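Scroll down for the structure; my scribbles are underneath it.
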2 protein chains.
Amino acid sequence: MDTRTLCLGVLNRGDASGYAIKKSFEEGPLAHFQEASFGSIYPALTRLSDDGLVVCRAQAQNKRPDKKLYSITDAGRAALEDALHRRPTDDEVRSDFLFVLFFAHLLPAATLNRLIDDRIAWYEDVLLRMTENADLDHRPAGERFVHGLGLAVYRCARDYLRDHRDTLLAGAADARVHAAE
Amino acid sequence: MDTRTLCLGVLNRGDASGYAIKKSFEEGPLAHFQEASFGSIYPALTRLSDDGLVVCRAQAQNKRPDKKLYSITDAGRAALEDALHRRPTDDEVRSDFLFVLFFAHLLPAATLNRLIDDRIAWYEDVLLRMTENADLDHRPAGERFVHGLGLAVYRCARDYLRDHRDTLLAGAADARVHAAE
DNA sequence: CCAGCCTATATCCGTCCGATATATGCACCG
DNA sequence: CGGTGCATATATCGGACGGATATAGGCTGG
């Protein structure tokens with residue numbers, strides 16, 4: 001999904017500045033499956049403005065750079081709906097963690113243990129924040145559905161790490177012994 | 001993970017050409033969590049060659065461009081191990097599918113149904129290929145572990161789609177009715 | 001028989017990410 | 001009271017990367 005459509009999606013939920021849009025990809029409910037950087041957001045907002053899909057009103061701020069609040073227009077909502085009707089591309093997952101574990105037999109047990117401990121802690125942390133800040137009752141069905149799917153998948157991954165780590169550690173130790181022979 | 005390290009990882013499992021490396025990111029066991037394009041693989045192999053981390057022998061082929069078979073060197077293996085010891089960055093997930101479902105209330109029921117049907121079929125397809133082509137007994141523990149995690153997570157996502165789609169459809173229909181009022 | 005796909009290498013262009021620059025307010029700590 | 005670090009806020013640059021394209025011949029199926 002190109003950055004312009006992502007911005008339209010965020011703005012469809014409410015007016016925001018470029019900075020706030022960035023934050024919504026770091027902390028908001030979209031954070032777990034979409035990302036965009038300043039280097040793509042600011043040019044995207046400029047182009048959306050030029051095309052009339054958003055409007056921008058500058059909010060003068062006391063001794064700070066003007067905050068540029070963007071709002072989606074009717075044309076913007078139409079463009080968003082249009083983009084939503086296109087068949088989505090395949091999901092992309094990028095996990096350096098799994099790449100490292102893939103070569104577990106090249107790593108010492110201590111490193112593997114720390115790696116898995118850290119990752120389980122990360123999952124616990126995310127799950128806690130997702131269940132705390134839920135506030136789901138007032139959100140549309142799509143958001144609730146996506147939130148629930150995220151919870152289910154994260155729990156599943158955490159459980160797998162917890163339940164199979166010993167098998168991995170034993171197998172990796174075996175491989176190291178055989179390699180040393 | 002930069003493309004050079006990814007290439008070292010693939011070559012650590014056996015000699016390969018640039019084309020074969022690309023294929024291993026499309027079909028091989030790494031496919032589900034790493035990706036690289038020709039536009040990054042070929043320059044990466046050139047640089048790895050220059051740095052002595054891989055060696056290349058050209059295989060003359062009958063009426064075809066020479067196949068350049070790359071092999072990892074001892075220095076390359078050291079560089080790979082070094083990269084594996086660095087703390088991995090956070091996982092990245094990019095799902096246009098979830099982005100679309102997030103705005104389910106903007107889409108007609110027929111579109112949502114097709115979307116979810118297609119995605120469940122995709123999961124079934126991947127799960128089938130992952131269990132058929134397994135051949136796991138001869139693979140190192142790390143590969144088995146990562147494979148098992150992939151299976152678990154895909155099954156979990158498929159089950160969630162299957163078990164919660166009706167709730168989503170009902171909720172989205174509700175939202176459309178309220179918006180029309 | 002030939003259209004389309006597979007093997008195989010390579011490059012180009014546009015887009016995107018990460019780092020950096022700039023500017024200021026506020027909270028915390030010694 | 002001063003300074004360190006973090007949050008707000010916009011913007012740009014360089015390098016890395018992905019998708020499309022070019023080239024070229026072989027194999028396969030309708």
Side-chain angles (χ1 to χ4, degrees), chain A residues 1-7 10-11 15-28 31 33-50 54 56-70 83 86 88-94 96 99, chain B residues 1-7 10-11 15-28 30-31 33-51 54 56-70 83 86 88-94 96 99:
Chain A
M1 201 68 75
D2 62 304
T3 308
R4 293 200 304 286
T5 308
L6 294 181
C7 289
V10 172
L11 292 176
D15 298 351
S17 65
Y19 184 82
I21 291 174
K22 178 80 200 313
K23 266 210 318 187
S24 80
F25 289 122
E26 280 164 359
E27 300 165 24
F33 53 93
Q34 292 293 341
E35 181 59 69
S37 66
F38 287 130
S40 53
I41 289 173
Y42 283 118
L45 288 172
T46 305
R47 270 193 59 182
L48 288 170
S49 251
D50 292 346
V54 303
C56 167
R57 63 210 135 92
Q59 263 194 347
Q61 289 196 124
N62 201 13
K63 302 223 184 191
R64 276 202 192 175
D66 285 6
K67 182 194 282 187
K68 294 187 182 174
L69 254 196
Y70 290 90
R86 281 196 278 277
T89 59
D90 280 354
D91 288 1
E92 291 162 46
V93 177
R94 194 118 196 171
D96 288 1
F99 184 78
Chain B
M1 200 68 75
D2 63 304
T3 307
R4 292 200 306 285
T5 307
L6 294 181
C7 289
V10 173
L11 293 175
D15 297 353
S17 65
Y19 185 81
I21 290 173
K22 178 78 198 317
K23 267 211 316 188
S24 79
F25 288 121
E26 280 163 0
E27 300 165 24
L30 291 160
F33 54 91
Q34 291 294 338
E35 181 58 70
S37 67
F38 287 130
S40 53
I41 289 173
Y42 284 117
L45 288 172
T46 306
R47 269 194 60 183
L48 287 171
S49 251
D50 291 347
D51 297 350
V54 304
C56 167
R57 63 211 136 91
Q59 261 193 348
Q61 289 196 126
N62 200 13
K63 303 223 184 187
R64 277 203 190 176
D66 286 5
K67 182 193 284 188
K68 294 186 182 172
L69 254 197
Y70 291 89
R86 281 195 278 276
T89 59
D90 279 355
D91 288 1
E92 290 162 47
V93 177
R94 194 115 195 175
D96 289 1
F99 184 77

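Given the structure is predicted, the values throughout are model-derived calculations rather than measurements.
Close to C/dT9, at under 4.0 Å from its OP1 or OP2, lies a side-chain N or O of B/Ser17. Contact annotation: B/Tyr42 does not reach the phosphate of C/dA10 (side-chain N/O to OP1 or OP2, under 4.0 Å).
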How does each nucleotide of nucleotides 16-23 of chain D score, in 5' to 3' order, for protein heavy atoms under 4.0 Å: base (B), sugar-phosphate only (S), or none (-)?
-SBB----
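One can place CG of B/Leu69 at 13 Å from C1' of C/dT9, the figure rounded to the nearest angstrom. Between A/Lys68 atom NZ and D/dT8 atom C1' the separation is 16 Å, expressed in whole Å. Summarising the geometry, the separation between NZ on B/Lys67 and P on D/dG26 is reported as 16 Å, rounded to the nearest angstrom. The separation between A/Asp15 atom CG and D/dA9 atom C1' is 17 Å, rounded to whole Å. Distance, A/Leu45 CG to C/dC16 P: 13 Å, rounded to whole Å.
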Donor-acceptor contacts, no H, no angles, side chain residues 18-25 of chain A, under 3.5 Å, sequence neighbours left out:
unit_1: A/Lys22; atom_1: NZ; unit_2: A/Glu26; atom_2: OE2; d: 2.7
unit_1: A/Ser24; atom_1: OG; unit_2: A/Ile21; atom_2: O; d: 2.7

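Rounding to the nearest 0.5 Å places OH of A/Tyr42 at 6.5 Å from OG of A/Ser17.
Taking every heavy atom of both residues into account, A/Cys56 and A/Tyr70 meet most closely at CB-CE2, 3.5 Å. The shortest non-hydrogen separation linking B/Ala16 to B/Leu11 is N-CD2, 3.7 Å. Residues B/Leu6 and B/Gln34 approach most closely at CD2-OE1, 3.6 Å, considering heavy atoms.
Listed by chain and residue number, A/Asp96 satisfy the side-chain hydrogen bond (donor to acceptor under 3.5 Å, both in side chains) test with B/Thr89 (two or more places apart in sequence, or in another chain). B/Arg86 meets the side-chain hydrogen bond (donor to acceptor under 3.5 Å, both in side chains) test with B/Asp82; sequence neighbours excluded.
At least one side-chain heavy atom of B/Arg4 sits less than 4.5 Å from a side-chain heavy atom of B/Arg47. Counting heavy atoms from C-beta outward, B/Phe99 and A/Thr5 have side chains that approach closer than 4.5 Å.
The side chain to side chain contact (heavy atoms under 4.5 Å, CB included) test with A/Val54 singles out one residue from A/Leu48, A/Asp15, A/Thr46, and that residue is A/Leu48.
Rounded to 10°, the helix from C/dC1-D/dG30 to C/dG30-D/dC1 has 40° between the axis fitted to its first five pairs and the one fitted to its last five.
A heavy atom closer than 4.0 Å to some atom of DNA chain D occurs in no member of residues 18-28 of chain B.
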